[in-house]
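Report on the following structure.
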Amino acid sequence: MPELPEVEAVCRKLRRDAVGALIERVIVYRARSTHPQHPSELERAAGQRIESIERRGKNILIHLSGGLVLRVHLRMTGNLFVVPDARLHSERVRVCFALQDGRGLVFEDTRALGVINLHGTEDLDRVLSDIGINPLTRAFTPEWLVQAASASKRPAKLFLMDQSIIAGVGNIYAAEALFRARIDPRKPMNGIRRPKLEALHAAIVDILRQGIKAAVIAYSKPGDYSDTRFIVYDRKDEPCNTCGRKIQRIVQGGRSTYFCPGCQC
DNA sequence: TCGATCCTGTAG
DNA sequence: CTACAGGATCGA
């Protein structure tokens, strides 16, 4: 489920629902979800108030009183939201923060690959020191991308998905941005010419912004948010909207890459 | 730079 | 049954 746009949607909802709430009790149902910390570490959040919500790439940072920060990574199937009654939630909930008003902030995660940790402000910086540029800030310019590209000979798709370069782009939006910019996902980054990189820059920003809009709407409704269709992602053997050739699926870095062999060459 | 690994669920 | 899933980390 979550790449930058979906994580951003989760954060916006939490700002509305969770900020100001007092954490009364922490219940860890699945010890490994706090890896590498011991579940008891999380219990230090009890008695603290939720002051603000921040997003760094795909990380959700919940700033608490007392200088503590909860860091949540949703990985593949995680979700984080407030339920009206802390005692009533699904069996997929790995951690529950019981709030003083009776509600619950729950970390739900079907595949249980997600992680939730508690940090002091010092070691938070250390944990996040490897995070790349925020593609939705003014620092992310075409010039920045040209520079970064010149320093990497990795295939374009893997470059985009590297969280230490650009923070937040994942498998779907990488594929979509490359299609929009008509770049072959296998092409070494340092071999892509400036006009293409400028197009890629615009595509990344556009697609993420549009993704946030869609995700905010999807997350505001109950139920299923996986009904969105994409231009190339998950469209193996379907005809390209632009040229009609069949979308191809290849594997890069152990992940599926979808692209149009006609448009992206 | 691979491949395995952490997990559960769904589609074919 | 197998393949694959919107992520990241680890060791070879």
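Lettering of chains follows the sequences in order, A, B, ..., and the numbering in each one begins at 1.
His35(A) places its NE2 atom 15 Å from the P atom of dA8(C), with the value rounded to the nearest Å. Protein atom CD1 of Ile172(A) is 7 Å distant from nucleotide atom P of dG7(C), rounded to whole Å. Following rounding to the nearest Å, Asp237(A) (CG) and dA11(B) (P) show an atom-to-atom distance of 19 Å. Summarising the geometry, the separation between CD1 on Ile116(A) and C1' on dA8(C) is reported as 17 Å, rounded to the nearest angstrom. The distance from atom CG of Leu160(A) to atom C1' of dA8(C) is 17 Å, rounded to the nearest whole Å. Between the CG atom of Leu4(A) and the P atom of dG6(C) there is a distance of 17 Å, given to the nearest Å. The interatomic distance linking Met161(A) (CE) with dT1(B) (P) rounds to 15 Å, in whole Å. When the P atom of dC4(C) is taken as reference, atom CG of Asp234(A) falls 12 Å away, rounded to whole Å.
Within the 3.5 Å criterion, the main-chain N or O of Asp17(A) finds a donor-acceptor partner in the side chain of Arg103(A).
Pair check for dC7(B) finds none; no Watson-Crick or G-U wobble contact set falls under 3.5 Å. Judged by Watson-Crick or G-U wobble contacts below 3.5 Å, the nucleotide dG6(C) has no partner.
Close to dA5(C), at under 4.0 Å from its OP1 or OP2, lies a side-chain N or O of Arg249(A). Here Tyr258(A) reaches the OP1 or OP2 of dA5(C): one of its side-chain N or O atoms lies under 4.0 Å away. Residue Arg75(A) places none of its side-chain N or O atoms closer than 4.0 Å to OP1 or OP2 of dA5(C). For dG6(C), the OP1/OP2 oxygens have no side-chain nitrogen or oxygen of Tyr173(A) closer than 4.0 Å. One finds no side-chain N or O of Gln163(A) lying less than 4.0 angstrom from the OP1 or OP2 phosphate oxygen of dG7(C).
Using a 4.0 Å heavy-atom distance criterion, Arg255(A) is classed as a base contact. Looking at heavy-atom distances under 4.0 Å, His73(A) makes contact with sugar-phosphate atoms alone, never a base.
Test Tyr233(A), Phe230(A), Phe179(A) against Tyr258(A) for ring-ring contact (aromatic ring centres under 6.0 Å, His included) and you get one pass: Tyr233(A).
Rounded to whole Å, the separation between the P atoms of dT5(B) and dT2(C) comes to 16 Å. Spacing of C1' atoms, dC2(B) relative to dG6(C), comes out at 22 Å, to the nearest Å. Separating the P atom of dG3(B) from that of dC4(C) is a span of 14 Å, rounded to the nearest Å.
Distance from the side chain of Lys58(A) is smallest for dA8(C) among the nucleotides dG9(B), dG6(C), dA8(C). Which of dG6(C), dT8(B), dC7(B) sits closest to the side chain of Arg94(A) comes down to dT8(B).
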- Task: Give the intermediate values and the outcome of salt bridge (Lys or Arg N to Asp or Glu O under 4.0 Å) for residues Arg154(A) and Asp162(A).
- Result: CA-CA 10 Å; Arg154(A) 304 180 67 195; Asp162(A) 186 334; 3.0 Å; yes
- Apply the test salt bridge (Lys or Arg N to Asp or Glu O under 4.0 Å) to residues Arg12(A) and Glu8(A): give CA-CA distance (whole Å), side-chain angles for both, the deciding distance (0.1 Å), then the verdict. CA-CA 6 Å; Arg12(A) 291 186 186 185; Glu8(A) 177 63 24; 2.9 Å; yes
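You'll find a donor-acceptor pair under 3.5 Å spanning the side chain of Arg111(A) and the base of dA5(C), going by distance alone.
At least one side-chain heavy atom of Leu4(A) sits less than 4.5 Å from a side-chain heavy atom of Arg55(A).
Looking at Ser90(A) and Glu108(A), their side chains do bring a donor and an acceptor atom within 3.5 Å of each other.
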